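Shown next, in structure tokens, is the structure this report addresses.
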Amino acid sequence: MNAAFLSEIAMKTIAQQSQRMIIAHRGYRARYPENTLVAFKAAKDLGVRMIELDVCLTRDRNIVAIHDETLDRTTNGSGPVRDHTLEELKKLDAGRWFSPFFTGEKIPTLKDVFSLCNHKLSVNIEIKHEAFESHDPDDSIEKQVVQTVLERSRSEAVIISSFEPRIIERLAKMQIKNLRLAFLTEKRFLDDAILEFMIKNKVFSWNPDYPALTPDQIKAAQAQGIKVMTYTVNKASTGKRCFDMGVDGIFTDEPLLF
Ligand code: G3P
Ligand code: CA
């Protein structure tokens, strides 16, 4: 192999890597307590370009990062998150369940996360479906998330995702310039209804779980200008299979694998 050929391969590999999105799922979740500032900082220090977090509302309508509807699995509290005020939640420990080493980690607010990112890290904010309120109050989670993004970040550095189609519709109706939306699905093939929904709401990406993905579905979404980013990929061999099929990005608990 001559030097020019090797250099061409190297350039191609670098180009592929720069196009592939590796998203740190709930922060650097494999080694840190999920959805905490220490997990997001660890992902940032690893050099990933985007983190993912889950958000919902507190009783006094602040936005906090936590995956489950209840506090029991990832904190020393219990019961529904939405039954607690931010002040109550800030007293809880969100690190010790993972390891005593992380005792003292707190549940962060969305604003805390943007302060940590400091414009150097893109963010995928997943609005949990439980946070949807059909009466659409002035301080709905969708409106508050958008307002926080506009105040604390740049819309092009953010993706807002949800499994809840009504949340996506509501965000799309706001017509925020450059704001990217992603529709999450689980155990579903890309049928006409999903594709039409995503086209109508001008989503940036379709984010399905990887087991049901096929090259044809990926091509069908991409043919409409919709990127495909799949979750949650925690094996190098699975990541290779997904990228070989043509996905644009993966969510992973262990970004070092990729
Ligand atoms: O955004 C991908 C992934 O986070 C969706 O599933 O349950 O981990 O929030 P889950
Ligand atoms: Ca999530």
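In this chain, numbering begins with 1 at the start of the sequence shown. Quick caveat, the model's predicted, so the values are computed rather than measured. Counting starts at 1 for both ligands and their atoms, in listed order.
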Decide whether Trp206 and Thr185 meet the rule of one side-chain donor and one side-chain acceptor closer than 3.5 Å.
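Yes, because at least one side-chain N or O of Trp206 sits under 3.5 Å from a partner of the opposite role on Thr185.
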Give a yes-or-no answer on whether the side chains of Asp72 and Ser78 include a donor-acceptor pair shorter than 3.5 Å.
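Note: Asp72 and Ser78 side chains miss the donor-acceptor criterion.
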Ring centroid separation for Phe102 and Tyr32, is it under 6.0 angstrom?
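Distance test on ring centres: under 6.0 Å, yes.
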Near-ring test Phe183/Phe197, centroid separation under 6.0 angstrom:
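Ring centres of Phe183 and Phe197 closer than 6.0 Å.
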Could you enumerate the protein N, O or S atoms under 3.0 Å from the Ca ion (ligand 2), written like residue then atom name?
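Correct list: Glu52 OE2, Asp54 OD1, Glu126 OE1.
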List ligand 1 atoms under 4.0 Å from Arg26, heavy atoms only on the residue side.
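Under 4.0 Å from Arg26, ligand 1 has these atoms: 7 (O), 8 (O), 10 (P).
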Residue-ligand contact Asp54/ligand 1, heavy atom below 4.0 Å:
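Yes, that is the case, since the closest heavy atom of the residue is under 4.0 Å from the ligand.
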Say whether Met229 and ligand 1 are in contact under the criterion: heavy-atom distance to a ligand atom below 4.0 Å.
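Judged by the 4.0 Å heavy-atom criterion, Met229 does not count as contacting ligand 1.
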Looking at Asp112 and Lys90, is there a salt bridge between them, counting it only when a charged N and a carboxylate O are closer than 4.0 Å?
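Salt bridge: yes.
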Indicate yes or no: does Asp209 engage Lys187 in a salt bridge with an N to O separation below 4.0 Å.
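No, this pair does not count.
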Flag the pair Phe243 / Arg20 as yes when at least one side-chain heavy-atom distance between them is below 4.5 Å, and no otherwise.
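Counting from C-beta outward, Phe243 and Arg20 do come under 4.5 Å.
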For atom 7 (O) of ligand 1, find the nearest protein heavy atom and state the residue, atom name and distance (0.1 Å precision).
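Protein heavy atom at minimum distance: His67 NE2, 2.8 Å.
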Among all protein heavy atoms, pick the one closest to atom 5 (C) of ligand 1 and tell me residue, atom and distance.
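Nearest neighbour among protein heavy atoms for atom 5 (C) of ligand 1, to 0.1 Å: Glu126 OE1, 3.6 Å.
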For ligand 1, the portion of Leu184 having any non-hydrogen atom under 4.0 Å away
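Just the side chain.
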Looking at Phe114, I'd like to know if the NZ or CZ of Arg152 sits under 6.0 Å from its six-membered ring centre while staying within 45 degrees of the ring's axis.
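Arg152 over Phe114 ring: no.
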Keeping the roles fixed (side chain from Ser162, backbone from Glu126), state whether a donor-acceptor pair exists under 3.5 Å.
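Checking the backbone N and O of Glu126 against the side chain of Ser162, no donor-acceptor pair under 3.5 Å is found.
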